[in-house]
Structures are given as structure tokens and as C-alpha cells.
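Report on one structure; see the data block that follows.
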Amino acid sequence: MIKRILVTGGAGFLGSHLCDRLVAAGHDVLCLDNFFTSQKSNIAHLLGKPNFELIRHDVIHPLYLEVDEIFNLACPAAPGHYQYNPIKTMKTSVMGAINVLGLAKRVKAKVFHASTSEVYGDPEVHPQPESYRGSVNPIGPRACYDEGKRAAETLMFDYHRSNGVDIRVVRIFNTYGPRMHPYDGRVVSNFIRQALRGEDITLYGDGSQTRSFCYVDDLLDGFMAAMAGTDSGPINLGNPGEFTVRELAELVVEISGSSSQIIQSRPLPADDPLQRRPDITRARSHLGWEPRIPLRQGLERTIAWFRSIDMDQYRPPTPNY
Ligand code: NAD
Ligand code: UDP
């Protein structure tokens, strides 16, 4: 059945891949974005399609639309981006959720919400199951994002309990792939950009902190499964393969054939989680989902994409890359 689907943050890294899938499936797609951390090139190929519409709007302001489903992705996601204007980040998460949920309540739309592994903070439980309540510093530099996302989850479940809004909340773990902003400051985009330019690869701290990296196509399969399923969540979506940041650097250098040196450029940033790996038991059993693309293969595809673009055409959204 063809649906009218709103994607907030639809021009971003994940949002643009989501719009691709929804447009290809024949849905009537409304892509809403304020272009804080993205640009039109991500969705330029969709402009002009009869079932794709672009709306420039900021989710902190109310939305008046008629839709059947909403994917709520609008929020800066890279640490440098969300710390650039932390008060705005909190507003985007919280007021964005309120506006999306108000719309959903009014038009009886189903809401998918992109939450994050950051709700677990710097975790003492490893790997992280959904039942873990997290260890977040509420007054640290990452709090605008972590606590904003935690408050958004609260709003999702309160609208669900109080108003019967149909919700799907997923907690996304580090995801990478084509259309990451080359200057977003995230570890995968930084290392690939540095490797392709022959610049030093910048480890923060000694590089022993870990992350689990999911390729974008796998994650999008998880989005589709979650929206089609019946579990309100929260459900972890991520790749349980865990790597140190140093291992990632070595892999990027090897695959790209770069002559870059791996250096320790600065101390570990405040509150930077030391370890992160999703427990995806719930996604496996409730959604029949698990990632398929190993890190090496995903990096090969991502590096090929970074080689294909002109990085100078990308506007650094903040000075913090
Ligand atoms: P991104 O920065 O590429 O995309 C976010 C999009 O939201 C951008 O297009 C940006 O311009 C838009 N946006 C930001 N503030 C807005 C506002 N106030 N109004 C309207 N649009 C606004 O990041 P992404 O990686 O595609 O992340 C998408 C979502 O997934 C975010 O909510 C993020 O928190 C979540 N997430 C992503 C990851 C990941 O690893 N990529 C991990 C956890 C959670
Ligand atoms: N990192 C790094 N060098 C970089 C960028 C990031 O060592 O150039 C580290 C960062 O300190 C963190 C990890 O890589 O430990 C992942 O950082 P990212 O910003 O991608 O996302 P996070 O998972 O911290 O939100």
C-alpha cells in the first residue's frame, strides 16, 4: 500500500538513504530538513521525482502536514556538530519530538524514532542490552545530545501510553557509509579523509577505546524491519563486531593503500565512552534482523565513495571537524 511518509532529517546521511528506499518503494515521500549538517547533494537525484517533495523546515517549530507515517531523524549526530550549539541540539531533540508526536497524535500517524547508543553513556555493562539504563553525565559536553535523546525517548513512550501513538524506537550504534559528511568529525569519515589525503590519522587518546561499526545498508534493513514489525522498542540496531579505534585506523590505511601515519593527536575527549557494543538479541528475535556486511567490506565501499566525490564541494557545518 502506498503511504504518505514524512522523513525529518531526510537530507542527512541516514535520512537520504531512507528517502531512496521509500521513493523506490513508490511511497509519497516528504523530506524535511533545515540543512544544518547536510546539503542538497544528498537528495539531488530525488528532486523532480513525482513522489518526492523537499520541505525546508526546522523541527523546533510545529509541523502541519497530512501523513501516514513519520521517521524522525532530525538531529545533529556527530559530536562536533551537536556540541557546536548544545542548546539548539537539546531543542531539536526535545521540541522536535514534541512537534513530531503532536502531529502523529493529530493525524494518527505511526512514528519511528532514531534514538542512539549514547543513551547508555559510558557504559558499565558490556555489551549493552536495551534493559541497561545507562551511565550518562547529565552536565558534561555530550549531555545535550545524550539527555536530549533520552528525553525524546521519554516523550515517545508517554505519547504512546497517554495518547495511543503508535511508536517504533530504535537505538542506533555507530553507522557509516557513503554520504557521511567528509567534515563531520566522526571517526570513520575523519580517518578516510585523512588517509585519502595522505594526512596524519588522528587517534584521540591511545586508540584503545572501542566502537562497533554498522554499514548503512544493514542499518536501513533494520529500519524497515522495525517499522514493519510490532515491537515499540526500544530496540538496539548495530553491528556487534567490536574494534578498537586504532584497529579501525589500521584497516582504513591498509584498504586505501595510504602512506598516512597513525598518531595520537589529542587526549581522549571528556566523557568519550571507552567501550561500545550492541546486544542485538532483541532485534534478532523480534525483527529477524542482523547485520551482514563485515567492516572490511563496508569500508571498501565507503572509501570508494569518498574517492568519487569532490570533498571541497562540502561545506564544513561547524569549525569543529
Ligand atoms: P546527519 O547529521 O547526517 O543527519 C541529520 C539531519 O538532520 C541533517 O540533514 C540535518 O541537517 C538535519 N537537522 C538537524 N537539526 C535539524 C532541525 N532542527 N530541523 C530539521 N532538520 C534538522 O546525521 P545521521 O548520521 O544521518 O543521523 C540521523 C539520525 O540518526 C539522528 O537523529 C542521529 O542522532 C541518529 N543516529 C545516528 C547514528 C549514526 O551512527 N549515524 C548513531 C546513532 C543515532
Ligand atoms: N576519534 C578519534 N579520532 C578522530 C575522531 C574520533 O580517535 O579523528 C574517536 C573518538 O574519540 C571516539 C571514537 O573515535 O572514541 C568514535 O568517535 P565518533 O566521533 O565517530 O563518535 P562517537 O561514537 O564518539 O559518538
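Indexing begins at 1, ligand by ligand and atom by atom, following the structure's order.
The shortest N or O to N or O distance between N190 and ligand 2 is under 3.5 Å. Close N/O approach between D33 and ligand 1 is found [any backbone or side-chain N/O within under 3.5 Å]. On a distance-only criterion, F36 and ligand 1 share at least one N/O pair closer than 3.5 Å. Residue contacts with ligand 1: V59 is placed with a nitrogen or oxygen under 3.5 Å of a nitrogen or oxygen of the ligand (distance criterion only). At under 3.5 Å, a nitrogen or oxygen of T92, whether backbone or side chain, sits near a nitrogen or oxygen of ligand 1. For ligand 1, the polar-atom distance check against L14 finds a nitrogen or oxygen pair separated by under 3.5 Å. The shortest N or O to N or O distance between F13 and ligand 1 is below 3.5 Å. The shortest N/O to N/O separation between T175 and ligand 1 falls below 3.5 Å. An N or O contact shorter than 3.5 Å links L73 to ligand 1 by distance. Remark: ligand 2 and Q209 share an N or O pair separated by less than 3.5 Å (distance only, no angle test). Polar contact check, S38 against ligand 1: a nitrogen or oxygen pair lies under 3.5 Å apart.
Atom 5 (C) of ligand 2 has Y204 CE1, 3.3 Å as its closest protein atom, hydrogens excluded (heavy atom only). Considering only non-hydrogen protein atoms, atom 16 (C) of ligand 2 sits nearest to R211 NE, 3.6 Å. Protein heavy atom nearest atom 3 (N) of ligand 2, with residue, atom name and distance: T202 O, 2.6 Å.
With a heavy-atom cut-off of 4.0 Å, P269 touches ligand 2 through its side chain alone. When non-hydrogen atoms are compared, ligand 1 lies under 4.0 Å from the backbone of S115 (N, CA, C, O) but not from its side chain. In V245, the part holding a heavy atom less than 4.0 Å from any atom of ligand 2 is the side chain. Only side-chain heavy atoms of R186 come within less than 4.0 Å of ligand 1; its backbone N, CA, C and O stay farther off. Residue contacts with ligand 2 for V188 are absent, since no atom lies close enough (heavy atoms, distance under 4.0 Å). Contact annotation for R142 and ligand 2: only side-chain heavy atoms (C-beta onward) come within less than 4.0 Å of the ligand.
Residue contacts with ligand 2 leave out A78, since none of its heavy atoms falls under 4.0 Å from the ligand. Contact annotation: K149 has at least one heavy atom less than 4.0 Å from an atom of ligand 1. Residue G185 places a heavy atom under 4.0 Å from ligand 2.
In this pair, F243 and F213 present their aromatic rings tilted. The plane angle is within the 30 to 60° band.
Y183 has its ring centre no less than 6.0 Å from the ring centre of Y314.
Close approach of ligand 1 to G12 is summarised as follows: ligand atoms under 4.0 Å from at least one heavy atom of the residue are 3 (O), 4 (O), 8 (C), 9 (O). Near F35, the atoms of ligand 1 lying under 4.0 angstrom from a non-hydrogen atom of the residue are 11 (O).
Looking at K49 and D28, no side-chain N of the basic residue comes within less than 4.0 Å of a carboxylate O on the acidic one, giving no salt bridge. A salt bridge between R150 and E147 is present, with a side-chain N of the basic residue lying under 4.0 Å from a carboxylate O of the acidic one.
Side-chain atoms of T210 come within 3.5 Å of backbone atoms of R276 as a donor-acceptor pair (strictly under, hydrogens ignored).
For atom 34 (O) of ligand 1, the candidate residues are F213, Y145, Y176, Y82; the nearest heavy-atom contact is made by Y145.
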